[in-house]
Number of protein chains: 2
Amino acid sequence: MRSFQASGNPVNFLLPISGRRVACENCPLRPLSAFRDFSPAELSFISGFKTSEISVDAGSVILAEGSSSAHLYTLLSGWAFRFKVLDDGRRQILNYLLPGDLVGLQGSVIGEMDHSVEALSPAVLCVFQRDRLDELFCNHPGLGFDVTWLASREERMLDDHLLSVGRRTALERAAYLLAFLHERAVAVGLGQFSGFIPLTQQHVADTLGLSIVHTNKTLRKLANRGLIEWLGRSCRVLDPVELARVAGWDGPGERLRPLI
Amino acid sequence: MRSFQASGNPVNFLLPISGRRVACENCPLRPLSAFRDFSPAELSFISGFKTSEISVDAGSVILAEGSSSAHLYTLLSGWAFRFKVLDDGRRQILNYLLPGDLVGLQGSVIGEMDHSVEALSPAVLCVFQRDRLDELFCNHPGLGFDVTWLASREERMLDDHLLSVGRRTALERAAYLLAFLHERAVAVGLGQFSGFIPLTQQHVADTLGLSIVHTNKTLRKLANRGLIEWLGRSCRVLDPVELARVAGWDGPGERLRPLI
DNA sequence: CGATGAGTTGATCCTCTTCAAGGCTCGTGG
DNA sequence: CCACGAGCCTTGAAGAGGATCAACTCATCG
């Protein structure tokens with residue numbers, strides 16, 4: 001038997017604060033080198049596509065499995081994660097969401113969410129009307145292609161995770177995960193500022209398919225080797241190159257990507 | 001340590017037999033209840049989009065990791081699977097491909113394949129020109145949306161697999177996999193004909209993240225309970241409902257899907 | 001025919017789970 | 001102010017699920 005413990009905390013509920021609204025033209029993410037440029041027409045469509053913004057606290061459920069939200073989101077700032085749970089509480093984290101990532105695309109395209117999304121840190125999301133997605137595909141085929149591109153990118157990350165959980169050892173898995181998250185954080189400029197990945201060892205355990213105890217011991221090994229540093233509720237990556245080497249991971253080969 | 005054995009056989013290479021060509025209008029898959037109807041305009045575009053057909057033997061590599069194929073495929077008949085391997089030969093099967101599934105979309109959209117695809121049985125594929133994908137998005141936004149839909153569907157299946165490999169026990173995993181494959185086969189009419197899923201226990205092991213020995217013992221338990229029957233190089237599912245119950249799996253909730 | 005691949009089974013070992021306990025920090029309330 | 005509980009991290013000990021090693025059967029095939 002494996003980790004039947006009810007992982008995950010009692011969660012807060014969504015707290016839609018419609019605060020200040022950043023115009024897409026001034027989006028702080030857009031200048032980042034990770035994202036491709038858009039035509040003025042595309043940009044203005046996206047700007048109109050966005051209806052509002054919401055801010056959520058760490059631990060808030062942004063989308064719940066089984067719901068069919070009327071919205072599609074883009075994470076503007078903060079960290080979140082996608083997960084599924086079995087009946088008895090076993091939780092599997094599927095992937096992490098960082099600024100620039102679409103949230104809830106599966107639900108928007110197919111109809112109903114089959115996983116949940118929870119904020120890992122305080123986060124801000126751009127809100128889009130799901131039913132205007134058709135319009136996006138019809139009037140801006142380039143953006144339609146971009147949405148497919150982003151879906152393929154997610155698929156690619158899941159392929160990597162599956163390889164990891166299925167075939168890597170505990171140490172390799174942990175090294176892979178932290179190298180992966182570090183890489184993604186750096187790509188969107190989060191690495192520079194804080195250098196901290198905001199998660200608990202329970203999150204790591206539920207991502208790697210390990211028990212919390214073994215996760216702890218495994219992370220300790222990485223820390224003892226000087227590759228990471230663990231600081232209550234967050235992790236600092238000290239040697240991403242060596243982590244990737246331990247994991248036998250090539251890196252994501254990330255290219256310029258679209259931002260919707 | 002876990003299964004470092006070099007799993008996977010010496011593989012045949014792609015053998016493009018440009019045999020008879022089925023017109024898309026007469027596609028044998030189209031009448032199946034699993035697939036949605038298309039407008040005449042869409043159908044005629046798809047028909048022109050298709051350049052040829054190829055037939056491959058079981059064990060042929062259809063797409064190799066690292067390559068950037070000029071083609072995108074749809075599986076017309078037969079079974080295939082997507083997989084990745086680590087440097088030392090550990091292999092992880094990511095998902096299975098059945099008739100109607102797109103093959104190589106990731107590569108077509110992002111550029112380079114980061115996984116391989118191998119035929120599990122003799123198979124026939126429809127060949128599309130990758131560089132005409134833009135045209136599809138521009139001239140037939142509905143089809144563009146469909147491509148995104150299919151990408152989301154793949155993502156959803158991967159989510160399920162990840163939950164399985166990460167958090168289910170060996171018995172649950174095996175039960176889930178066979179219920180899943182059975183369900184998919186039935187949906188495209190393969191279940192009726194043969195009722196056999198064409199794979200070896202090594203494939204099952206590489207899908208579930210288990211060793212071949214333990215996979216064998218686990219499958220035996222399912223067989224002893226009368227849920228499946230194993231017959232060299234293939235498996236017959238006897239009780240899909242009970243399998244799903246053992247796995248704690250709800251089923252895919254598959255809806256009408258597009259066929260490109 | 002040997003050879004090769006697939007499936008099977010038992011014995012042994014070890015990675016990882018489970019159980020248990022204790023420390024640390026922080027927020028809350030007396 | 002301190003007491004208290006709740007998370008979170010940590011560590012040791014015991015047990016089990018699954019890996020590894022080894023051997024054997026049974027088909028298929030040149």
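So that the names make sense, note that chain A is the first sequence line, chain B the second, and so on, each numbered from 1.
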Chemist: C:dG22 P sits how many Å from A:N216 CG, rounded?
Modeler: 18 Å
Chemist: Using atom CD1 of A:I212 as one end and atom P of D:dC8 as the other, report the distance to the nearest whole Å.
Modeler: 9 Å
Chemist: Name all pairs fulfilling the ring-ring contact (aromatic ring centres under 6.0 Å, His included) condition that reach into residues 206-249 of chain B, sequence neighbours left out, sorted by first residue then second.
Modeler: B:Y176-B:W249
Chemist: Please give, in whole Å, the distance from D:dG17 C1' to B:R173 CZ?
Modeler: 10 Å
Chemist: Would you call A:R90 and A:D206 a salt bridge, taking side-chain N to carboxylate O under 4.0 Å as the test?
Modeler: no
Chemist: I'd like to check the salt bridge (charged side-chain N to carboxylate O under 4.0 Å, His left out) partners of B:E155; sequence neighbours left out, ordered by chain and number.
Modeler: none
Chemist: Keeping to residues at least two apart or across chains, list the ring-ring contact (aromatic ring centres under 6.0 Å, His included) pairs with something in residues 78-103 of chain B.
Modeler: B:F81-B:F83, B:F81-B:H203
Chemist: Using a cut-off of less than 4.0 Å, is there contact between a side-chain N or O of B:Q201 and OP1 or OP2 of C:dT8?
Modeler: yes
Chemist: Whole Å only: how far is the CZ atom of A:R233 from the P atom of D:dC8?
Modeler: 5 Å
Chemist: Taking the side chain of B:R220 as its heavy atoms from C-beta onward, which of C:dG7, C:dT9, D:dT10 lies nearest to it?
Modeler: C:dT9
Chemist: Between protein and nucleic acid, restricted to nucleotides 10-12 of chain C and to nitrogen or oxygen atoms under 3.5 Å apart, what atom pairs and distances do you find?
Modeler:
from, atom 1, to, atom 2, distance (Å)
C:dG10, N7, B:K217, NZ, 3.4
C:dA11, N6, B:K217, NZ, 3.4

Chemist: Given B:D159, which partner from the list A:K84, A:Q92, A:R82 fulfils the side chain to side chain donor-acceptor pair (under 3.5 Å) test?
Modeler: A:R82
Chemist: In this structure, how many angstroms lie between the P atom of C:dT18 and the CG atom of A:D88, rounded?
Modeler: 11 Å
Chemist: Strictly by salt bridge (Lys or Arg N to Asp or Glu O under 4.0 Å), give each pair with a member in residues 237-252 of chain B just once, sequence neighbours left out.
Modeler: B:E242-B:R245
Chemist: Between P on D:dG15 and NE2 on A:H214, what's the gap in Å once rounded to a whole number?
Modeler: 19 Å
Chemist: Under the side chain to side chain contact (heavy atoms under 4.5 Å, CB included) rule, collect the residues that match up with B:L32, sequence neighbours excluded.
Modeler: B:L29, B:F35, B:V188
Chemist: Of B:T218 and A:L219, whose closest DNA chain D nucleotide lies nearer the 5' terminus?
Modeler: A:L219
Chemist: Between A:K221 (NZ) and C:dT15 (C1'), how many Å, whole number?
Modeler: 9 Å
Chemist: In whole Å, what is the span from the NE2 atom of A:H203 to the C1' atom of D:dG7?
Modeler: 12 Å
Chemist: B:L210 side chain: which of C:dT17, D:dA19, C:dG7 is closest?
Modeler: D:dA19
